[in-house]
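Remember, it's a predicted structure, so these values are computed and weren't measured experimentally.
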Amino acid sequence: MINKEVRVRFAPSPTGYLHIGGLRTALYNYLFAKNNKGKFILRIEDTDRNRYVDGALDNLISTLNWAGLTADEGPETGGIFGPYLQSERLDIYKSHIKNLLVNKKAYYCFCTQERLRDLREKQKQEGLQTKYDKHCLSLSQNEIDINLRNNLTYVIRLNIESGKDISFTDLIRGEVVFNTDTIDDQVLIKSDGFPTYHFANVVDDHLMQITHVIRGEEWISSTPKHVLLYDYFNWEKPNFAHLPLLLNPDKSKLSKRQGDVAVEDYRDKGYLKDALLNFIALLGWNAGDDKEFYKMDQLINSFSLERVNKSGAVFNTEKLDWLNAEHLRKLTNEEILNMLKQELINTELVIKNLSDAHLLLIIEAMKERVSFVKEFITSCPYFYSEPTEYDECVIKKKWKEDSPKLLKLFSDGINKIENPSKEDFESTLKNICVEKNIGLGKLIHPLRLALSGVGIGPGIFDLTYILGKEETIKRIDKALEIIIN
RNA sequence: GGCGCGUUCGUCUAGUGGCUUAGGACGCCGCCCUCUCAAGGCGGAGAUCACGGGUUCGAAUCCCGUACGCGCUACCA
């Protein structure tokens, strides 16, 4: 058992989309695996046929791949412990349940849904814990055989001995104890022949040689059932680590009702995968220092389960926006260029075709002023098409009586220069101001307004230079015409 | 109801008995820089460490109780 390779799994059920909480569970599993030079396995828990959603599996895998959390083994990659879809492992569960059946660790139950419902209701009314009453445990082998021969529907239940303490050591919470009196005789095999999560996950984790089960806190209550199963099979138990939940603003478990929870929603909103991963990594974990900005490899190097928190964390995206801007600024202009071009293709605005060199100038000028790639378009549309209106507030504040004359002077000055450089724009403007004995702002502000229609943006000489001589002159003329009237 | 888990600024968190008048980050506010907006720098407001008892010379930190929150309580995962 020494130096056993670390093997962890992310085991989602394909119900439509990857939940942000699921992404964090996957991330922690991935980080733990990579930190320990182990394997990250993707296993699909598709044992509930009622919840089958077409296309969910592909969506799940592609979203995981987008995030860069690619599995070392899984339905897509394959591996020697496959198949990795539980719906394809039915024979395996069938053979294992026999083992439990002959040892009386599991038993057939022929109770109808109605009986079960009535039983539950009665227990509830009496204020008792709702629990199966082991009614079918007393069936003789002969009765069972007859029922089976008559094709009565049945489930197979875990036979839990009463009055015993079951404990396990959770890597995050320490020792957790449950008494078997509070645990129900869980259904292991459903009437459709499919296993329940509780049975399949134990069998698979064992067969796939999973060393650490890292999953959400909502599983902590059912862990004793799993522990019991390992004991009944006489299998070595994996380590358990139950992660704190991601919460809604009202502290309930993060859900669709209170905002976007699908990873693809955040991808579509323009969040960088590195920023999203960085953000959710910090929701429940920190290295013990003040570091907040992490790239993937740094996350892998610093991660440890010991430093995962016990309490839930509200999924509040304020900090996510900031992290997105931080990650965006760390990207090279060329990397941003590719994303911007994609964004330009997707945009519905009619815009002129700009060269890569031109786009690179825009990126450089705007990099410090945006948080999202799409803002290279939305926060500075004037780079792509001339303004059609001019901010009234700015006109009121900055447009003075002498503004038209100054702009005209500037326009004429630029017009005389062949291929003006950024410095040419600057010296032209400064010379005018010196000559007229006025502050630079007297010209800069009206000029910005004329060129962009707004009062905010990158440095004025960046703006003029990126727009270029012809466009600058043209826009000054147009502004003069419109604003004066 | 039962069982389990949790509880430090609005939010994410540091803190593992004295270094703490509880530190950082986001957000918010102010100042500086400055052609505007950002970025950056500086500063501010913001937490009686859920509450009550212990233990100890000393507790956010250890123990007990209470409250509150959350999770589970299915032939769903």
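- Between A:F168 and A:F178, the two ring planes are parallel [angle under 30°; tilted spans 30° to 60°].
- Relative to the side chain of A:S221, the nucleotides B:rG24, B:rA77, B:rG71 differ in distance, and B:rG71 lies closest.
- Residue order along RNA chain B, read from the 5' end via each residue's closest nucleotide, puts A:L283 first among A:L283 and A:R120.
- B:rC5 and B:rG69 make up a base pair, with Watson-Crick or G-U wobble contacts both under 3.5 Å.
- Side-chain nitrogen and oxygen atoms of A:N286 include at least one within less than 4.0 Å of the OP1 or OP2 phosphate oxygen of B:rA14.
- Residues A:W285 and A:Y28 place their aromatic rings such that the two centres sit no closer than 6.0 Å.
- As rounded to whole Å, 7 Å separates atom C1' of B:rC12 from atom CG of A:L282.
- Along RNA chain B, the nucleotide nearest to A:R173 and the one nearest to A:I189 differ in position, and the one closer to the 5' end is contacted by A:R173.
- A:E318 places its CD atom 13 Å from the P atom of B:rG10, with the value rounded to the nearest Å.
- Ring pair A:Y154/A:Y108 is perpendicular by interplanar angle, where above 60° counts as perpendicular and below 30° as parallel.
- If you measure from atom CG of A:L277 to atom P of B:rC12, you get 20 Å, rounded to the nearest angstrom.
- Remark: A:N309 is in phosphate contact with B:rA14, judged by side-chain N or O atoms under 4.0 Å from OP1 or OP2.
- For A:T47 and B:rA77, the shortest distance from a side-chain N or O to OP1 or OP2 is below 4.0 Å.
- For the pair A:W219 CH2 and B:rA74 C1', the computed distance is 12 Å after rounding to whole Å.
- Distance CZ (A:F461) to C1' (B:rU36): 12 Å, rounded to an integer number of Å.
- Within the 4.0 angstrom heavy-atom criterion, only backbone atoms of the sugar-phosphate kind lie near A:V177; the bases stay farther away.
- Looking at heavy-atom distances under 4.0 Å, A:S222 makes no contact with the nucleic acid at all.
- When each of B:rG1, B:rC12, B:rG71 is scored by its nearest atom to the side-chain atoms of A:A313, the top-ranked nucleotide is B:rC12.
- Of the candidate nucleotides B:rA25, B:rA77, B:rU7, B:rU7 has the atom lying nearest to any side-chain atom of A:S311.
- Base contact: A:Y197 has a heavy atom under 4.0 Å from a base atom.
- Between A:T130 and B:rA74, a side-chain N or O to OP1/OP2 separation shorter than 4.0 Å is present.
- Taking only side-chain atoms of A:T196, from C-beta outward, the nucleotide of B:rC72, B:rC75, B:rG24 with the closest atom is B:rC75.
- Summarising the geometry, the separation between CG on A:L254 and P on B:rA77 is reported as 21 Å, rounded to the nearest angstrom.
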Please walk me through it: do A:E364 and A:N333 pass side chain to side chain donor-acceptor pair (under 3.5 Å)?
CA-CA 7 Å; A:E364 181 58 30; A:N333 292 355; 2.7 Å; yes
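- Checking the phosphate oxygens (OP1, OP2) of B:rU11, a side-chain nitrogen or oxygen of A:K251 falls inside 4.0 Å.
- In this model, the phosphate group of B:rG10 is not approached by any side-chain N or O of A:N316 to a distance below 4.0 Å at OP1 or OP2.
- Between the CD atom of A:Q125 and the C1' atom of B:rG1 there is a distance of 13 Å, given to the nearest Å.
- The pairing partner recorded for B:rC35 is none, the criterion being a Watson-Crick or G-U wobble arrangement whose two distances lie under 3.5 angstrom.
- When distances are taken from the side chain of A:S252 to each of B:rC75, B:rG71, B:rC35, the shortest belongs to B:rG71.
- The nearest whole Å value for the distance from the NZ atom in A:K397 to the C1' atom in B:rU36 is 10 Å.
- Closest to the side chain of A:T182, from the set B:rG2, B:rC35, B:rG6, is B:rG2.
- The phosphate of B:rC75 (OP1 or OP2) has a side-chain N or O of A:R157 nearer than 4.0 angstrom.
- The closest side-chain heavy-atom distance from A:S13 to A:I44 is not below 4.5 Å.
- B:rG43 is paired with B:rC29 under the criterion used here, namely a Watson-Crick or G-U wobble arrangement in which both key atom distances are under 3.5 Å.
- Between A:R49 and the phosphate of B:rC75, there is no side-chain N or O to OP1/OP2 separation shorter than 4.0 Å.
- Between the side chain of A:N248 and the main chain of A:S255, a donor-acceptor pair closer than 3.5 Å is present.
- Residues A:P238 and A:Y230 have side chains in contact (heavy-atom distance under 4.5 Å, counting atoms from C-beta outward).
- Comparing atom distances between the A:W322 side chain and each of B:rG27, B:rC75, B:rU13 picks out B:rG27 as nearest.
- Listed pair A:K253 / B:rC72 meets the phosphate criterion, a side-chain N or O lying under 4.0 Å from OP1 or OP2.
- Each of B:rA77, B:rG24, B:rC3 was ranked by its minimum atom distance to the side chain of A:E292; first place goes to B:rG24.
- Classification of the A:W219-A:Y197 ring pair by plane angle, with boundaries at 30° and 60°, yields parallel.
- Comparing atom distances between the A:E218 side chain and each of B:rC12, B:rA77, B:rU36 picks out B:rA77 as nearest.
- Base pairing of B:rG58: no nucleotide in any strand meets the Watson-Crick or G-U wobble criterion (both distances under 3.5 Å).
- Phosphate proximity of B:rA77 to A:K190: present, with a side-chain N or O under 4.0 Å from OP1 or OP2.
- Base pairing annotation: B:rC49 forms no Watson-Crick or G-U wobble pair, as no partner gives both donor-acceptor distances under 3.5 Å.
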